[in-house]
Visitor: 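My questions will all concern the structure given below.
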Amino acid sequence: MSHKLKVGIVGGTGQLGAAMATGWLESNHVSPQNLWISNRSGKASGFADWPEVNFTASNQVLAEACDVIVLSVPPDQTGKLNVSASDKLVISVMAGVSHKQIRELTGTRKAVRAMSSPAARQRSAYSAWFTKDGLDAADRRTVQGLLSAIGAADEVADEGQIEVFTVLTGPVPGFAAFFADCLVQFALANNVAPDAAVKSVKQLFLSSGKLMSVSDHSPDFFVKEMVDYGGTTAAGLVKLQELGTVRLIEKGLDASLERVRTIASSD
């Protein structure tokens, strides 16, 4: 169904917008001729494989041409959107911009606040979305279909959860890359060759992600399983628990969450 819809991405050549666009095009969920992208120059960038994609420098031209409008610009640029879309379905993936602000900025009564990630390019993003009212069953299917085409997607009942997912799953590889680098630095400190250190840790995260993604168990199951086994990994996990590592990570995540809640109002 979305293949026939005209979808426009305001900021579609930015990191997230381009990733979502590429995911939709490569999955054939949106046809090139039905995809519109607006950017400052109005010129094509990064879409040489799809010359039929429509480019414009006018956000309003895009809005008038499309059935679904995706807002993907930096949150401090919301005042420059210049989009009037009273009868259009508007999906915002702008960090920290509230559902109420989306409605006020665009005039739409069909506003969706969502968060995806650059993993949309590989169709492996997790996208959470929220709406209050104004969407009928068909609109909801459209939103779920678009976001599911670039990975996994869920509608959530509480808008605050979008802020949490902005911290957890929006910045791929984000925190996962930080934890991976800790392992790389450990390997380097123990005289492992740099190429082997990086390669082994990347493979660890790849295989761990695959293992957990196909399992019905949550991550804590695997931690408990290894601790109960009492082997070499258990010794390290127990020490990390004793050192209060969980609380330290929570403090880091709390700092990110606070930034999400204020970023749209930053000067």
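We're numbering straight along the sequence, starting at 1. Side-chain atoms are counted along with the backbone in the values below, which use heavy atoms only and exclude waters and symmetry mates.
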Visitor: Verify, without hydrogens or angle tests, whether Asn54 (side chain) and Gln33 (backbone) share a donor-acceptor contact under 3.5 angstrom.
Guide: yes
Visitor: Has Asn39 got a side-chain atom pairing as donor or acceptor with Lys43's backbone, closer than 3.5 angstrom?
Guide: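 Yes.
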Visitor: What heavy-atom pair brings Ile9 and Ala21 nearest, and what distance separates the two atoms?
Guide: CD1-CB, 3.6 Å
Visitor: If you link ILVMFWY side chains whenever their heavy atoms are less than 4.5 Å apart, which other residues fall into the same cluster as Val201? By chain and number, please.
Guide: Val164, Val167, Leu168, Phe175, Phe178, Phe179, Leu183, Val184, Leu188, Val198, Leu204, Phe205, Ile249, Leu253, Leu257, Val260
Visitor: Any side-chain to backbone donor/acceptor pair from Ser215 onto Leu211? Under 3.5 Å, distance only.
Guide: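 No, because the side chain of Ser215 does not come within donor-acceptor range (under 3.5 Å) of the backbone of Leu211.
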Visitor: What residues, two or more places apart in sequence or in another chain, satisfy side-chain hydrogen bond (donor to acceptor under 3.5 Å, both in side chains) together with Ser38?
Guide: Asn59
Visitor: Restricting to non-hydrogen atoms, name the atom on Gln60 and the atom on Asn82 that form the minimum distance, rounded to 0.1 Å.
Guide: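 So the minimum-distance heavy-atom pair works out to OE1-O, 3.7 Å.
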Visitor: Could you tell me how the ring of Phe165 sits relative to the ring of Tyr126: parallel (under 30°), tilted (30 to 60°) or perpendicular (over 60°)?
Guide: tilted
Visitor: What's the shortest heavy-atom distance between Leu89 and Thr142, and which atoms?
Guide: CD2-CG2, 4.0 Å
Visitor: Applying side-chain contact (heavy atoms from CB on, under 4.5 Å), can you list everything that pairs with Arg109, at least two apart in sequence or on another chain?
Guide: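 With sequence neighbours excluded, Arg109 shows a side-chain contact (heavy atoms from CB on, under 4.5 Å) to Arg103, given in chain and number order.
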Visitor: Please state whether the rings of His217 and Phe221 are parallel, tilted or perpendicular, taking 30° and 60° as the class boundaries.
Guide: parallel
Visitor: Taking the hydrophobic residues Ile, Leu, Val, Met, Phe, Trp and Tyr, and joining any pair whose side-chain heavy atoms are under 4.5 Å apart, which ones share a cluster with Val238?
Guide: Val223, Met226, Val227, Leu237
Visitor: Work out which heavy atom in Ala153 is nearest to a heavy atom in Gln144; give both atom names and the distance.
Guide: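 Looking at all heavy atoms of both residues, the shortest contact is O-NE2, 2.9 Å.
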Visitor: Check whether Trp24 reaches the backbone of Ala149 with its side chain - one donor and one acceptor, N or O, closer than 3.5 Å.
Guide: no
Visitor: Does His99 reach the main-chain N or O of Phe130 with its side chain, forming a donor-acceptor pair under 3.5 Å?
Guide: no
Visitor: Judged by atom type as modelled, is there a donor-acceptor pair below 3.5 Å linking the side chain of Thr108 to the main-chain atoms of Lys88?
Guide: yes
Visitor: Going through the checks in order, is the salt bridge (charged side-chain N to carboxylate O under 4.0 Å, His left out) test met by Glu64 and Lys6?
Guide: CA-CA 10 Å; Glu64 292 172 1; Lys6 292 184 178 179; over 6 Å; no
Visitor: Other than Val97, which residues form its hydrophobic cluster under the rule that side-chain heavy atoms must be closer than 4.5 Å?
Guide: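 Its cluster mates, by chain and number, are Val10, Trp36, Val61, Leu62, Ile69, Leu71, Val73, Leu81, Val83, Val90, Met94, Ile102, Leu105.
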Visitor: Do you reckon Leu25 sits in the same ILVMFWY cluster as Ile150, going by side-chain contacts under 4.5 Å, direct or chained?
Guide: yes
Visitor: Excluding sequence neighbours, so at least two apart, what forms side-chain hydrogen bond (donor to acceptor under 3.5 Å, both in side chains) with Asp228?
Guide: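 With neighbours one apart ignored, the set is Lys224.
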